[in-house]
Amino acid sequence: MFPRPIEKSGPGTRVAYQAFLPVALILWLLPLLAIFLTSIRSAQDINSGNVFGWPSQFKLLENYTAVFTQSEAAQYMLNSVLITVPTVAISVALACLAGYALAIYRFRVAVPLFFLFVAGNFIPFQILMVPVRDMSVQTGLYDTIAGQFLFHAAFQTGFCTLFMRNFIKALPFDLVESARIEGVAEWKIFWYVVLPLVRPAIAALAVLIFTFVWNDFFWANVLTQGESAKPITAGVRALNGQFVNNWHLVSAASLLAAVPPVFMFFLMQRHFIAGLTLGAVK
Amino acid sequence: MTDISQRTNENPSWLKRNKLAIAPWIFLVPALIFFAIYVVIPIFESLWLSLYEWNGLYTADGQSTATWVGFQNYVKLWDDPNFWVSLRNNLAWLILYMLAVPAGLMIALFLNQTVTGMRFYKSMFFFPFVISQVVVGLIFGWFYNPDFGVVGTIWKWAFCEETVNILGNATFKCARPVPDILSSPEWATYGIIFAGLWPQVAYCMILYLTGLNNVAADQIEAARLDGAKGWKMLWFVVIPQLRPATFIAVVVTVIGALRSFDMIAIMTQGGPFGSTNVLAHYMFEVAISEYGERYGYGSAVASVLFAIMLVYISYFLWRMYQDEKDSR
């Protein structure tokens, strides 16, 4: 193990290390802690310049309720859920199928097709912006929930397929081989043999795609204009304009927007990290 | 009877015989169609559109009003100072964002211990990556605020004297004026990049933590017996073993730097005077702005960004191809 385990050092180093850890953590999360403290302050504190000291009053419930009663935050949150959940379902389902095809069958265009999905996953969004926006306007999908989740699902299919294909490729091929010799139909091999084995990959992708799409801001701006289909990220920006100088409310709204992905992360941490390494670092 | 059944066994239907050739396409078709409509075809449409001038409108009978201008959009780009500022800022993002890789490695080395509660610390250090860049942008926008942000508060504490007038309003007399980072054309970009580094360092850290888990213990021990330690051990033994992690870290950092949009849109909207624009944001600004839509020109900006990104994508694919060949 590198660096040398701290247990092998003297007790002095060990105590110093353990004492320094929380200090380092507080420094690292200082911006977040500061905004949390702001979100539970009263308006008077902000106006009188007490932004860094101890709050004079704790307004946790008041501020967070105000975000919901004084703005469309509840609608934005709901929109985010309605966009994110179908995206996860569609892209992971498509990727299971495509990843299976690219990993199990040997055909000439398997590798080029795989590379197409990989490359598509890395392109800048801007190269898609005008045609996708135009197409959405033409088909009536502009400023709708469906318009957003259809696009996200298609785009995220690239990443999901990359991940799924590598995951299936790493499974023992004998399983498929012996099922074929038994005469099991191809779709049954997929459904009964491979799908149960890729459950960890499905979990990793689900939590990752949830976070990516929940945090999307660019497409929310490109594909929506009104309140009815705006997700929370774009909503927080709108609130920022609405609550000018009401930093306690802006802070509360920002933190609310961050809650679902953070919750997902802590719930499925192991899967999340496995997904982030693109399956390349095992 | 036996004759017929034998014949069907020898000559199964065409579908059955070509089962292994057809099956992959059935599995692939849904993803391919979806991906083609929303990703592959739009790329070519954008490249094509960059040769037109178009405000995004259609005539009453559904004809596009785009007019062919050839490479004129690119000629205009060449003379557009905003384009060059954006390109220069993209370069600044690319270079400075790379700091996330060594910084992530440093934090990972610091956290790669097994004392109690380490799991908690590791996940808390990763925290900034999970939250949206919009939120990170808002946090830092407030952090940098000269009047009531953290930077302003610390500065006033260090350099200013507070005086309270008879109405009870506090005014500050400062030895040096409080810096307004995001309103300064020189510093705003660096302020945003610094904010952007925060989640990116967390990402690189987690990649390295996973990588450090797999460093071969016997090699470390062998090197230790040979007297290697500290920096030498890190440079000659550990970092070479972390190459897969470094590769992914560099790739995601480059992509992240070139994709930077959210933070700029939140913190400065490209201002002051376009000084914090990058290609991704400038494209959005010209394509959908209050002054009417310029789809052709925007597509030209996007095409330049795409061309830059293509260099990295090709490199990544080439590396992947080498791995594929080896694994066969």
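Just so you know, these numbers use all the heavy atoms, side chains as well, and skip hydrogens, waters and symmetry mates. Just so we're on the same page: letters track the sequence lines, and every chain starts at 1. A quick note: this is a predicted structure, and the numbers were derived from the prediction, not measured.
- With chain A as the partner, the residue from B:Leu234, B:Ile37, B:Leu279, B:Val40 showing the most heavy-atom pairs under 4.5 Å is B:Leu234.
- A 4.5 Å side-chain heavy-atom check between B:Met320 and A:Phe115 finds at least one atom pair inside the cut-off.
- Of the two parts of A:Met264, neither the backbone nor the side chain holds a non-hydrogen atom closer than 4.5 Å to a non-hydrogen atom of chain B.
- Relative ring orientation between B:Tyr52 and B:Trp48 is described as perpendicular, the plane-to-plane angle rising above 60° on a 0-90° scale split at 30° and 60°.
- Using a 4.5 Å cut-off between heavy atoms, B:Leu49 touches chain A through its side chain atoms alone.
- Of the listed residues B:Phe306, B:Phe125, B:Phe34, the one with more heavy-atom pairs under 4.5 angstrom with chain A than any other is B:Phe125.
- Shown are B:Trp54, B:Tyr295, B:Tyr58; of these, the side chain to side chain donor-acceptor pair (under 3.5 Å) with A:Asp134 is made only by B:Tyr58.
- Looking at A:Ala24, the atoms closer than 4.5 Å to chain B (heavy atoms on both sides) sit in the backbone and in the side chain alike.
- Proximity to chain A is absent for every atom of B:Leu258, based on heavy atoms less than 4.5 angstrom apart.
- Only the side chain of A:Arg180 has a heavy atom closer than 4.5 Å to any heavy atom of chain B.
- Heavy atoms of A:Phe107 lying under 4.5 Å from chain B belong exclusively to its side chain.
- Only the side chain of A:Tyr100 has a heavy atom closer than 4.5 Å to any heavy atom of chain B.
- With a 4.5 angstrom heavy-atom cutoff, B:Trp25 touches chain A only via side-chain atoms.
- The side-chain tip of A:Arg165 does not point at the ring of A:Phe117 from less than 6.0 angstrom away and within 45° of straight on.
- For the set A:Phe190, A:Trp214, A:Phe212, A:Trp187, the entry with the most heavy-atom pairs within less than 4.5 Å of chain B is A:Phe190.
- With a 4.5 angstrom heavy-atom cutoff, A:Val109 touches chain B only via side-chain atoms.
- A donor atom on one side chain and an acceptor atom on the other are found under 3.5 Å apart for B:Thr246 and B:Tyr208.
- For a residue to count as touching a neighbouring chain, one of its non-hydrogen atoms must lie under 4.5 Å from one of that chain's; by this rule B:Leu310 does not touch chain A.
- Side-chain contact between A:Ile104 and A:Ile189: absent, with no pair of heavy atoms (C-beta onward) separated by less than 4.5 Å.
- The number of heavy-atom neighbours closer than 6.0 Å to CZ of A:Phe266, taken from other residues, nucleotides and ligands shown, is above 12.
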Item to check | A:Phe155 and A:Ile123: CA distance, side-chain angles, deciding distance, side chain to side chain contact (heavy atoms under 4.5 Å, CB included) verdict | outcome: CA-CA 10 Å; A:Phe155 188 81; A:Ile123 56 166; 4.1 Å; yes
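- For A:Thr211, the part sitting under 4.5 Å from any heavy atom of chain B is the side chain, from C-beta outward, and nothing else.
- The part of B:Val238 that comes within reach of chain A is its side chain, from C-beta onward, which places non-hydrogen atoms under 4.5 angstrom from that chain.
- Using modelled atom types, one finds a donor on one side chain and an acceptor on the other under 3.5 Å when comparing A:Tyr105 with A:Glu186.
- Using a 4.5 Å cut-off between heavy atoms, A:Pro260 does not touch chain B at all.
- Interface remark: A:Leu113 contributes side-chain atoms only to the contact with chain B (heavy atom separation under 4.5 Å).
- Both the backbone and the side chain of B:Ala265 come within contact range of chain A, with heavy atoms under 4.5 Å apart.
- Contacts between B:Val130 and chain A at a heavy-atom distance below 4.5 Å involve backbone atoms as well as side-chain atoms.
- Counting heavy atoms from C-beta on, the side chains of B:Ile266 and A:Arg237 come closer than 4.5 Å.
- Heavy atoms closer than 4.5 Å to chain A are found in the side chain of B:Ile313, but not in its backbone.
- Interface residue B:Phe120: only side-chain heavy atoms are found under 4.5 Å from chain A.
- Using cut-offs of 30° and 60° on the angle between ring planes, the pair B:Phe129 and A:Phe272 is perpendicular.
- The two residues B:Pro199 and B:Val136 make their nearest non-hydrogen contact at CD-CG1, 4.2 Å.
- Proximity to chain B involves both the backbone and the side chain of A:Leu150, based on heavy atoms less than 4.5 angstrom apart.
- Using a 30° and 60° split on the angle between ring planes, B:Phe140 and B:Phe194 fall in the perpendicular class, above 60°.
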